[in-house]
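Computed over heavy atoms, backbone and side chain alike; hydrogens, waters and symmetry mates excluded. Read the numbers this way: they start at 1 and go in the same order the structure lists the ligands and their atoms.
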Amino acid sequence: MSEQKHALVTGGSRGIGSEIVKVLLSEGYEVWSLSRTKMDDRENLHHIGCDMADRSSTEAALESVIKQAGSMDVLVNNAGITRDGLIMRMKDEAWDEVLAVNLTSVFLTCRRISRLMASQRKGSIINISSVVGIMGNGGQTNYAASKAGIIGFSKSLARELASRSVRVNVVAPGFIDTAMTDALSGVLKEQIATQIPLGRIGKAVEVAEAVAFLASEKASYITGQVLAVDGGMAM
Ligand code: NAI
């Protein structure tokens with residue numbers, strides 16, 4: 001019998017994160033989800049409450065995951081927020097909060113889990129960026145800085161961990177139908193869809209399937225890459 005595989009997903013309670021959790025569970029992983037709210041209970045799913053804007057809350061949650069799991073095969077940094085606004089009116093809190101949740105939390109989880117993965121001499125880390133981190137977007141300087149930061153961070157980490165057989169990749173979703181994009185009006189969504197070569201908004205499960213591929217042995221020779229799942233937006 002093969003050994004039980006373990007995965008840690010941040011922000012696994014809803015949207016793209018909950019689809020990632022479901023796909024990994026269906027592939028036989030035991031999954032730990034770190035988020036403020038909880039998704040429905042499922043077999044082999046553990047929920048750890050955590051505010052990823054808060055360094056000590058994140059570090060404490062990571063220690064309890066490691067205590068429970070003992071080993072970790074896959075880490076997916078998915079938790080993320082937006083606090084949009086034009087730069088001239090952007091409040092310090094909007095900058096600080098977005099950078100804390102979207103980028104500093106990635107540093108904290110990768111720092112702790114990469115120690116474990118390096119000692120195991122195996123592991124796959126997938127960090128969720130955005131096409132906005134590649135293309136930029138007016139009204140999202142804070143969000144774009146955090147998402148572009150994830151790309152540079154992940155490529156550097158991929159170089160640091162490659163000799164230990166730990167792979168690090170980025171998934172950059174385009175416009176995906178979740179609570180994050182629900183706030184936009186139907187008319188605006190239709191306009192956005194006209195800018196997407198595939199002509200439609202993406203589904204969370206389409207991002208989750210790309211993450212599961214990068215997590216798997218099928219991607220054993222892929223590290224330091226950015227995979228856009230965006231219907232062709234950023235090509
Ligand atoms: P969402 O708003 O539906 O879910 C975000 C998740 O992050 C939730 O599980 C939430 O609990 C968690 N989270 C947020 N702040 C947290 C905090 N302080 N502590 C702990 N957990 C926290 O968002 P969605 O759309 O599922 O986004 C997931 C990721 O994909 C994010 O990193 C987002 O930036 C990225 N993304 C989303 C796109 C979209 O069109 N929906 C496009 C490109 C990237």
Side-chain angles (χ1 to χ4, degrees), residues 8-23 31-40 45 47-62 64-65 75-84 93-94 96-109 126-137 139-140 142-151 153-154 170-184 188-189 192-193 195-196 198 200-211 226-234:
L8 169 59
V9 180
T10 72
S13 62
R14 66 176 199 205
I16 294 170
S18 76
E19 291 302 320
I20 295 169
V21 167
K22 286 185 218 161
V23 171
V31 181
W32 279 260
S33 167
L34 295 191
S35 60
R36 285 173 305 184
T37 50
K38 198 169 176 279
M39 78 181 267
D40 305 343
L45 172 63
H47 172 260
I48 309 268
C50 167
D51 178 3
M52 307 214 69
D54 182 273
R55 192 177 272 259
S56 48
S57 166
T58 304
E59 288 178 333
L62 288 169
S64 33
V65 171
L75 164 64
V76 185
N77 277 301
N78 161 81
I81 56 166
T82 51
R83 294 283 180 272
D84 298 351
E93 299 76 53
D96 291 343
E97 207 186 333
V98 166
L99 268 290
V101 176
N102 296 9
L103 190 57
T104 305
S105 80
V106 177
F107 158 66
L108 295 172
T109 52
I126 298 112
N127 294 326
I128 308 296
S129 175
S130 164
V131 285
V132 168
I134 300 168
M135 303 166 71
N137 193 23
Q140 290 199 308
N142 50 356
Y143 184 74
S146 70
K147 294 300 187 180
I150 283 178
I151 294 174
F153 172 89
S154 303
V170 173
V171 167
F175 198 88
I176 309 297
D177 192 15
T178 67
M180 190 177 266
T181 47
D182 262 0
L184 304 174
L188 190 57
K189 283 189 188 174
I192 291 167
Q195 314 291 312
I196 303 171
L198 283 182
R200 66 174 175 85
I201 287 167
K203 299 187 205 105
V205 67
E206 293 176 307
V207 179
E209 291 291 356
V211 170
V226 181
L227 177 56
V229 181
D230 65 351
M233 263 174 101

Working for side chain to side chain contact (heavy atoms under 4.5 Å, CB included), residues H47 and S35: CA-CA 8 Å; H47 172 260; S35 60; 3.6 Å; yes

Regarding ligand 1, does [X] bring an N or O atom to under 3.5 Å of one of the ligand's N or O atoms?
X    : answer
K147 : yes
S130 : no
N78  : yes
V131 : no

Only heavy atoms of [X], strictly under 4.0 Å: list the atoms of ligand 1 that pass.
X    : answer
V101 : 15 (N), 18 (N)
F175 : 40 (O)
G15  : 3 (O), 26 (O)
A179 : 3 (O)
A53  : 18 (N)
I128 : 30 (O), 35 (C)
C50  : 19 (N), 20 (C)
G11  : 6 (C), 7 (O), 8 (C), 9 (O), 12 (C)

For ligand 1, note which part of [X] has a heavy atom under 4.0 Å away: side chain, backbone, both or neither.
X    : result
T181 : side chain
D51  : both
I81  : side chain
I176 : both
A172 : neither

4.0 Å heavy-atom contact, G174 with ligand 1: yes

Check against side-chain hydrogen bond (donor to acceptor under 3.5 Å, both in side chains), D54 and S56: CA-CA 6 Å; D54 182 273; S56 48; 3.0 Å; yes

Criterion side-chain hydrogen bond (donor to acceptor under 3.5 Å, both in side chains) on T37 and S13, from CA distance to verdict: CA-CA 6 Å; T37 50; S13 62; 3.1 Å; yes

Among S129, G80, A61, closest by any non-hydrogen atom to atom 5 (C) of ligand 1: G80

